Number of protein chains: 4
Amino acid sequence: MSAAVELAGELPYSRLSIEAIAARAGVGKQTIYRWWPSKAAVVLDAVLTWSQGDDGDLQLPDTGDLETDLRAVLHATVDELNDPHYDRPMRSLTVAIVEDAQLAAEYGERLERPLHQAKKARLHRAQLAGELDPEADLDVAVEMIFGPIMNRWMTRSGPLTHAYADAVLATALAGLRRRG
Amino acid sequence: MSAAVELAGELPYSRLSIEAIAARAGVGKQTIYRWWPSKAAVVLDAVLTWSQGDDGDLQLPDTGDLETDLRAVLHATVDELNDPHYDRPMRSLTVAIVEDAQLAAEYGERLERPLHQAKKARLHRAQLAGELDPEADLDVAVEMIFGPIMNRWMTRSGPLTHAYADAVLATALAGLRRRG
Amino acid sequence: MSAAVELAGELPYSRLSIEAIAARAGVGKQTIYRWWPSKAAVVLDAVLTWSQGDDGDLQLPDTGDLETDLRAVLHATVDELNDPHYDRPMRSLTVAIVEDAQLAAEYGERLERPLHQAKKARLHRAQLAGELDPEADLDVAVEMIFGPIMNRWMTRSGPLTHAYADAVLATALAGLRRRG
Amino acid sequence: MSAAVELAGELPYSRLSIEAIAARAGVGKQTIYRWWPSKAAVVLDAVLTWSQGDDGDLQLPDTGDLETDLRAVLHATVDELNDPHYDRPMRSLTVAIVEDAQLAAEYGERLERPLHQAKKARLHRAQLAGELDPEADLDVAVEMIFGPIMNRWMTRSGPLTHAYADAVLATALAGLRRRG
DNA sequence: CCGTAAACGAGACGGTACGTCTTGTCTTACA
DNA sequence: TGTAAGACAAGACGTACCGTCTCGTTTACGG
């Protein structure tokens with residue numbers, strides 16, 4: 001239910017109760033327990049449902065210039081991460097994932113992997129176009145670009161700005177570009 | 001109290017109760033509430049106490065070859081992150097940090113920043129030695145190297161191996177090295 | 001629950017905890033709070049349940065001789081008050097009543113009044129038979145007979161014996177008998 | 001300390017805490033524990049201190065007419081019992097007495113007995129004057145007169161009025177007067 | 001078109017933990 | 001030396017939720 005997303009947007013994960021979700025949804029507790037094994041699973045499904053609009057555009061933009069395209073994606077990502085409506089439910093989900101390996105696997109399968117594949121596909125096209133080193137490991141490459149940003153978001157180790165995203169992107173691409 | 005670390009090593013954060021910590025420490029609950037405002041703060045102090053041995057060696061190795069030195073540090077980091085005795089309390093702390101901006105700030109101040117400074121100092125020496133681009137933003141540089149690894153640890157988005165660390169390091173340094 | 005009576009028979013009221021009653025009854029604390037507003041109310045209901053056997057015999061003996069009948073009742077009352085199994089829960093209930101006017105009202109309604117009415121009815125029959133002054137206020141009369149005994153029990157201002165009860169009864173009846 | 005009386009006048013016994021008494025008196029808790037073994041003992045001493053003004057007039061009025069004199073005493077007693085400033089601390093003390101036989105003994109010794117003796121002395125003079133049966137047990141007589149009133153006060157089994165006191169007194173004296 | 005069974009809302013239940021309060025003991029620091 | 005101040009271990013308070021378990025009551029499908 002999307003009632004879970006509402007509440008996840010209002011409360012930190014630890015304050016989020018199945019009881020409250022059920023009440024908000026106008027639903028008996030048992031109905032929730034019938035369909036999900038844990039609060040974490042509810043949150044995962046809630047976030048999945050909520051972000052299902054994204055599922056269609058599993059295609060990153062491709063103008064022919066990788067850095068331009070990725071910059072657009074990173075800026076959008078940064079904007080989302082700075083938007084409380086996205087930030088709060090996502091933090092709840094992240095908490096669940098950090099605690100629970102089982103859930104992390106399901107999250108990886110259902111939400112992260114498709115996104116990862118889309119990013120990797122864009123990098124692969126760039127590699128074929130000679131923009132990137134043909135030897136580069138593209139899984140690592142995706143994580144070089146997005147990992148530092150996600151890490152800064154999670155730990156709030158610094159301000160999450162377009163400028164930061166640009167710096168990360170520039171450095172990562174510099175390391176990934178064709179040598180020699 | 002280090003009794004908190006013990007329990008944090010046995011249970012996920014959500015199952016970790018102040019009641020249990022107090023009982024294990026042979027202490028009244030009120031004593032804990034007197035000194036810490038929340039479970040999260042207890043966990044932070046517990047981890048700080050526990051890792052205080054590290055506080056002295058705020059000096060990264062310096063053999064003259066940056067990549068060798070960082071590789072050693074990253075391998076050690078990866079090994080720690082793969083050790084359940086370190087992983088479990090650290091995940092508890094991470095959960096607390098993801099949920100609570102206040103705590104994240106305190107964590108940044110007391111544990112992360114000194115480590116960050118040490119890493120940055122090593123990079124700075126490499127920059128002076130001409131191993132890195134003199135224009136490079138070293139804060140970003142540190143996060144380029146450690147961010148992807150921490151992110152993979154947290155989200156378990158892939159195996160956390162020495163090889164992965166090496167790949168991240170190589171790519172990051174390639175992007176940071178002197179151009180032209 | 002009659003588990004409350006057990007505990008009320010073992011501990012003074014101030015040491016009697018809802019936690020302990022719940023544990024002894026094999027019941028969650030919330031279940032008690034759901035049904036009773038306070039420890040006092042639990043004790044009242046416990047005593048009511050426990051003494052419900054008495055509810056049927058709301059008829060005092062009537063041999064035709066009032067003093068004989070009342071003596072029997074008073075002796076039984078004194079014996080009960082001297083029996084720890086009765087004394088201890090009853091003291092708990094009394095403490096609750098002395099402290100809490102609300103509870104006193106409910107106690108009066110549900111336990112004391114029926115007993116009072118039964119006593120008054122016996123006195124009324126005696127009054128019709130000419131054993132008592134037709135002008136006597138029978139509510140006062142009941143309290144003249146039982147009040148001093150209950151007061152001695154509560155305050156332990158002296159030994160609570162059959163002889164004492166007899167002396168009270170004799171004096172009270174002397175004051176209540178037909179004048180002239 | 002008379003600070004205890006203040007608080008006993010504001011709160012029911014169960015809410016009265018040694019901590020609060022100490023704080024109100026500007027005194028360390030330990031100082032209280034040094035001098036009194038329990039909260040009950042503090043309350044007893046507080047009430048004793050507070051009512052020590054009465055200690056002098058251990059003489060009941062003696063106009064020559066017993067009923068008139070006792071009526072005056074009973075009316076004063078009833079008025080006190082209906083005055084919250086007296087009622088509340090006294091209820092606290094009563095609760096302590098009902099629960100604790102030890103304290104009841106001390107209370108009997110230090111507060112109740114002198115009053116009882118004064119009442120008994122007045123009855124004794126009446127007995128000598130031929131107003132009462134020379135055979136009457138005066139201890140019982142005192143309790144016949146005061147017991148019903150104290151009992152009605154404690155249990156709130158009915159309104160505590162001058163009229164009630166008069167009725168009790170009249171009945172008791174009727175039973176105690178010279179027979180034949 | 002109706003009987004029946006699944007899923008439902010509601011919410012009581014035995015429990016665990018919360019964060020607060022008080023108890024009686026023990027320690028510190030000042031006067 | 002004695003006292004206020006207050007930390008401490010212990011444990012009860014009353015509340016919030018947990019996950020399980022009946023309860024009737026809708027729906028909605030197969031006979």
Side-chain angles (χ1 to χ4, degrees), chain A residues 1 3 7 11-42, chain B residues 1 3 7 11-42, chain C residues 1 3 7 11-42, chain D residues 1 3 7 11-42:
Chain A
M1 295 297 176
L7 282 166
L11 297 164
Y13 182 68
S14 57
R15 308 279 308 279
L16 189 62
S17 77
I18 289 191
E19 209 132 278
I21 294 170
R24 175 77 66 110
V27 136
K29 260 199 300 179
Q30 197 54 243
T31 302
I32 290 179
Y33 284 108
R34 217 190 313 281
W35 295 95
W36 292 277
S38 67
K39 182 171 66 166
V42 177
Chain B
M1 297 296 177
L7 282 166
L11 297 164
Y13 182 67
S14 57
R15 306 281 308 280
L16 189 62
S17 77
I18 289 190
E19 211 133 274
I21 293 171
R24 175 78 64 108
V27 136
K29 260 199 298 181
Q30 197 57 243
T31 302
I32 291 180
Y33 284 108
R34 216 189 316 280
W35 296 98
W36 293 278
S38 67
K39 184 172 64 167
V42 177
Chain C
M1 296 294 179
L7 281 166
L11 297 164
Y13 182 68
S14 59
R15 307 281 309 280
L16 188 62
S17 78
I18 290 190
E19 209 132 276
I21 294 171
R24 175 79 64 109
V27 137
K29 256 200 299 181
Q30 198 60 57
T31 301
I32 291 179
Y33 284 108
R34 218 189 315 278
W35 296 98
W36 292 278
S38 67
K39 184 171 65 167
V42 177
Chain D
M1 295 295 178
L7 282 166
L11 298 164
Y13 182 67
S14 57
R15 308 280 308 280
L16 190 63
S17 77
I18 289 191
E19 208 130 280
I21 294 170
R24 175 79 65 110
V27 135
K29 258 198 305 178
Q30 198 53 244
T31 304
I32 290 180
Y33 283 109
R34 219 190 310 283
W35 295 97
W36 293 278
S38 67
K39 183 171 64 167
V42 177

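Here is how names work: the chains are called A, B, and so on, in the same order as the sequence lines, proteins then strands, and each is numbered from 1. Treat the numbers as computed from the prediction; the structure is a model and nothing was measured.
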Nearest whole Å is fine: how far is [N] [atom2] from [X] [atom1]?
X       : N      : atom1 : atom2 : result
D:Lys39 : E:dC21 : NZ    : C1'   : 12 Å
C:Ile32 : F:dA12 : CD1   : P     : 13 Å
D:Tyr13 : E:dT22 : OH    : C1'   : 13 Å
B:Ile21 : E:dT16 : CD1   : P     : 18 Å
C:Arg24 : F:dA12 : CZ    : P     : 13 Å
D:Glu19 : E:dC21 : CD    : P     : 10 Å
D:Trp36 : E:dT23 : CH2   : C1'   : 17 Å

What's the closest nucleotide to the [X] side chain, out of [options]?
X       : options                : value
C:Ser17 : E:dG19, F:dC13, E:dC8  : F:dC13
A:Tyr33 : F:dT15, E:dT23, F:dT20 : F:dT20
C:Val27 : E:dA10, E:dG14, E:dA12 : E:dG14

Side-chain heavy atoms of A:Arg34 within contact of A:Thr31, under 4.5 Å =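 With C-beta onward as the side chain, the pair touches.
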Would you say [N] has OP1 or OP2 under 4.0 Å from some side-chain N or O of [X]?
X       : N      : answer
A:Trp35 : E:dA7  : no
C:Thr31 : E:dG14 : yes
A:Arg34 : E:dA7  : no

More 5' along DNA chain F: C:Ile18 or A:Lys29, using each one's nearest nucleotide?
->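 Taking each residue's closest nucleotide, the earlier one in sequence belongs to C:Ile18.
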Looking only at heavy atoms, what is the nearest atom pair of A:Pro37 and A:Ala41, with distance?
->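 In terms of heavy atoms, the two residues are closest at CD-CB, 3.6 Å.
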Exercise: identify the closest heavy-atom pair between C:Ile18 and C:Lys29 | CG2-CG, 4.5 Å
5'-most by nearest nucleotide on DNA chain E - D:Gln30 or B:Leu16 = B:Leu16
Taking everything shown except B:Arg24 itself, do over 12 heavy atoms lie less than 6.0 Å from its CZ?
-> yes
